[in-house]
Structure formats: C-alpha cells, structure tokens
Amino acid sequence: MTDTDKTALVQVAGFPLALDRMYEGRTHMWVARVGTGDPSIARIGLDSVGVETNGTLAQLSLPEVGEQLTVGRPFGQLEAAKFVGPLVSPVSGTVVARNEAAAADPGLTERDPYGDGWLIEVALTDFGAWLDGLTGEPDEIVAWFEAEISDYRMKGVIAQ
Amino acid sequence: MPDVLRVIDFGRVTPLRSQTCWHAVAYGVSAGAPPTLSFARPSDPYVCLGYHRDLSEVDLGYCAARGLPVYRRMVGGGPVYCDEGQLFFQICLPAALVPASRVEALRVLLRPAVEAFRAAGVRAELDADGEIVCGEAKICGHGAGQIEDAVVVCGNLIESFDHTRATRVLALDGDEQRSQTLDLMRRYVMATPADAGTFKSAMAAAYARALGCAAQPGRLTRSERTTMAGLDARFSSQRWLAGPGTPARPAARQVKVRAGVWTFAASHGRSAVVASVVGGRVERAHLRAPGLNGRAAAAARALSGRALPEVAGVLAGFGAPGAELAAAFATADGRRIA
C-alpha cells in the first residue's frame, strides 16, 4: 500500500480502480494506509463499482470517532435509491476520523471514491491479522474487478 | 432456495403497529424465520418519515393540531402520508438471498409486486427509475432497507389517495411551493383501486413463484411479538423520531413527488425561486428578485422547458438579479432526494 494522497488509477472495463490498496470483494470496500505515518491507521472507502451499483447516494451515516468496529459488521448506513443498507467494515478497530465532507455531500464519494470521498479512518485492532480476507495483489485485484463488472453487466445492473 | 414463504396479514392495525409489525418481522427473518410477505392497513392516518430524513421536512404543528402521529421507519424514502386507503405490503428475505447491488435488489424484489398489480387488473410497470408506475404516474410508494441480516422492501396498493393532505403534512416554503407540489402530486401519484383480496392473493403467488417455494399463511413468533413490543416503545420515543444524526441536507427545500419529478424553494441574497422540475427540465418557476423591475414573469417564461444546466445561461440575460437567481437555482439537487 502507498499514500492515498498520491493515488494512481487504472481503468478496468470503463471503471477507475486504485491498485495501491486492498479490497473486500463482496462489499466493494477498500482499505488503504494513511500517508506514511502510523501503519496501524487505515482509511476505508467504497470502490467505483460499489458506488455505481448502489445508485445515486442520497445519505451517509458514519460512526463517531471512538466507536469500535468489527470486521464483517455494519459501521454505518448508506441510502441510495430509497434503500437504506449497512456499510460493512472490512477490518476491526477503532474509528479515529470520519469524513465530514462526504457525510455532508455523499456526491463526493461518487465523484472521487478513492480520494476525497473516503469514509472513515480506523486504528486497526490487530495489525498482523487484518489483511485476512482482503485482496491486495494488483493482478488479483484487476481480475476480481473485471469479473465483478462482467457479472453486473450480464445482469443489466450496470450499462455496457 | 427457502422451503416456504410465510404470509402474514396483520389486517387493520393502529398507525404505530402498521410500522412496528413488519419491522418485527425483519428482525425475525434476520434471526432465522422464513422469508415473509406481510400486509397491514392503518386504522387511522399518520405520517411516516424515511430513516435518514430530517424531521423539519414534516409540518409538525399541522400534524399535532390534526392528531396525526409521526413515526420514523428504518427504510429509505421521504416523508409520506399514510391512511386506511392504502394497503401496505412488505417482502422480507434473509440478506444472503438478495443481490448485493441495491439497484438490482430493488428490481428483483419489486418485479413480483408488478405481476400482482397486473393480476389485480392494474396495468403496472417497473420503469427505468425503479418505480412502479401506470403511464407516467407512480402507483406504489416503495422503500427498502437492510435490518440486521434481513432485507425488506415495502410498498403499497393505493386504493384512494388524499393528495391535498399528503401535501399539507409537508413543511414547505409557502403557498407557492405547496401549490406547485400539489399540482405535481395530482399528476404523478395515482390511486389504483383494485380489489385488495385479489391483490393479496396475487402477491403471495408471485413472490412464492419468484422464490421457488410455497406460500403458507403464518403468524408472528413469540420472539417477534416481544420484539414488536420493544419497537412500539422505540418508535414512540422522541429520540428515535429525531433521527440518526447529521444527514446531508441540501440548502434548498426540496420535495420529490416521484423519480424525476420534484419541487424546490431556494433563495440567494434578496432573490428567491420556487420551481417544479420534471425530467430534469424546469416546468414552472416563480421568481422574486427586487432588481428585475417587473421582468420576473418574463424570466420565468424564459426558464420554462429549459434543462437545469441551461438555467444559469438563460438567467445571465437578466443581469445581476439573474445571477442571484441562478445562484439560488444552483443550491437545488434533485438527484439526492430519496
């Protein structure tokens, strides 16, 4: 992982993808190191396909600083297309920052999902174990992302 | 594939129970109860607010004076007026059986309802915006959400609809916005007085078919009844009614009537606008800008039929007052009204 402020994006089947971070496949959440500081602090956000398949984001509810997160459990709510659903945490830890700009304008997450549209920052509980279940190798990330887009296109969820 | 679709008809229930009964079902399904289709008809009118919406969108003074309770639901959408002319339905499934994409999930879960409307004699369609419509008018108000590990999609068979009251319960900017909203409401929200019994039977058959299982009448479990009692208390509390915190709130006062159809009221400096937007174009605008010196009506006519991105260009022809009005227009964002 590298600094999220210097994100380099590649285009995969028409969707931007950042290869400098890790991904949780089912939820399309990404996890990235914040700057060059404390390696146990991670930033979390939604990838571009996660954004696309939610529909227009109307509302975001994010947790308060200090709240405890558990991997696989909800840490907030997202409303799109009149559907309120959980944002599921890809890691365990404690919330150390929330993106107030994205909470005030969820469109920011649509416009810049890998940059200014991040959601929260977390102090990881177990730095050694948190990579479990995440995809981090660039080749694997691209292959997974392509397969997801292909699947969604076959189902008509996203346009060809 | 599930073994059975549980069908619970709660019948005519209090406004509070018309909400808490199906929320209790969602917690039950999350805990292992079978997929469930439920129906409820409120005994009295009330107002129901989507999970994220700001309480200030409801005219609480009017509601209190008329004895209309206000409840916050756990699914999405805006503030809506509910009464016994509406038969509400909810389909609730374990989240694992529902597509992860919200757009896809809504389509999959609303399609059987469209079949049921048709079976009950209503020429319903699921449009490109994911609304159940008949022609251009919405005939079913829907909302959806994930409650723990269950997904629930709600909707209604609108047998009769009080457009005036549905508009009156909203906190709007004034008479002009109320008038424009009521006009759009009358054109784009339509009652389809089908036979409720036929509709319910068709719903059970359509959802059972979609799930590949048999529909079976059922009732709440003991655990779900306990949950419902707890939800009664939660939904009646001021804390719950206040909402989850700091939702995104646009500067303009906006009301969505159906997808792509909305009104807004906004101001900038000493200028103000109230407008109706249909399909991304200004249908009608009421402008107030002291510097226009009698040209407000001409500016409003010039805006009629224009796409929102063209508005600033049109108003540029009206000098500084036009620029102020353009700034007011810029605060409206219909894409983000759930």
Side-chain angles (χ1 to χ4, degrees), chain A residues 24-29 46-65 67 72-88 98-111 117 148-149 151-159, chain B residues 26 30 50-54 72-78 80 95-96 98-110 128-131 140-155 243-251 254 256 258-260 333-338:
Chain A
E24 200 292 311
R26 181 170 156 77
T27 59
H28 282 266
M29 303 294 298
L46 257 179
D47 71 33
S48 59
V49 167
V51 167
E52 176 74 16
T53 56
N54 274 308
T56 302
L57 305 186
Q59 307 279 355
L60 277 173
S61 304
L62 300 176
E64 298 296 332
V65 170
E67 282 192 33
R73 299 306 304 167
F75 68 83
Q77 298 280 346
L78 178 158
E79 180 168 350
K82 298 204 280 190
F83 194 136
V84 175
L87 291 161
V88 176
R98 39 179 265 153
N99 188 347
E100 299 295 348
D105 173 17
L108 187 57
T109 298
E110 284 181 10
R111 294 189 296 273
E148 287 286 286
I149 292 168
D151 186 45
Y152 280 129
R153 284 190 168 141
M154 289 296 287
K155 291 174 179 171
V157 175
I158 54 182
Chain B
S30 176
Y51 178 74
H52 281 112
R53 299 303 281 266
D54 199 281
R72 184 181 294 278
R73 59 187 181 268
M74 296 173 78
V75 300
V80 292
V98 177
S101 154
R102 285 168 170 79
V103 174
E104 184 187 3
L106 270 172
R107 291 204 157 271
V108 166
L109 291 176
L110 285 175
D129 296 311
E131 300 255 38
C140 171
H142 73 267
Q146 182 168 337
I147 297 174
E148 295 196 333
D149 291 325
V151 166
V152 60
V153 176
C154 315
T246 54
R249 208 181 322 169
Q254 308 183 146
K256 186 167 103 175
R258 57 146 295 172
D333 183 1
R335 295 177 69 236
R336 302 200 188 285
I337 323 174

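When reading the values below, keep in mind they use all heavy atoms of this one structure, side chains included, and skip hydrogens, waters and symmetry mates.
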**Q** Is A:Q77 in contact with chain B via its backbone, its side chain, both, or neither, using a 4.5 Å heavy-atom distance?
**A** both
**Q** Going from CZ on B:R102 to NZ on A:K82, what distance comes out if it is rounded to the nearest 0.5 angstrom?
**A** 15.5 Å
**Q** Going from CE on B:M74 to CD on B:E148, what distance comes out if it is rounded to the nearest 0.5 angstrom?
**A** 8.0 Å
**Q** Please classify the contact between B:V103 and chain A as side chain, backbone, both or neither, with a heavy-atom cut-off of under 4.5 Å.
**A**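 Both the backbone and the side chain of B:V103 come within 4.5 Å of chain A.
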**Q** When rounded to the nearest 0.5 angstrom, what distance separates CD in A:E148 from CG in A:D47?
**A**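 With rounding to 0.5 Å, CD (A:E148) is 8.5 Å from CG (A:D47).
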**Q** With chain B as the partner, which of A:N54, A:L78, A:T27, A:L62 has the greatest number of non-hydrogen pairs under 4.5 Å?
**A** A:N54
**Q** Thinking salt bridges, do A:R111 and A:D105 make one under a 4.0 Å N-O criterion?
**A**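 Looking at A:D105 together with A:R111, the answer is yes, because their closest N to O distance falls below 4.0 Å.
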**Q** Where does B:V153 contact chain A at under 4.5 Å (heavy atoms): side chain, backbone, both or neither?
**A** neither
**Q** In plain terms, say whether A:E100 and A:R98 are close enough for a salt bridge, that is, a side-chain N and a carboxylate O under 4.0 Å apart.
**A**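 Answer for the salt bridge query: yes.
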**Q** Heavy-atom distance under 4.5 Å to chain A: side chain of B:A259, backbone, both or neither?
**A**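 Neither part.
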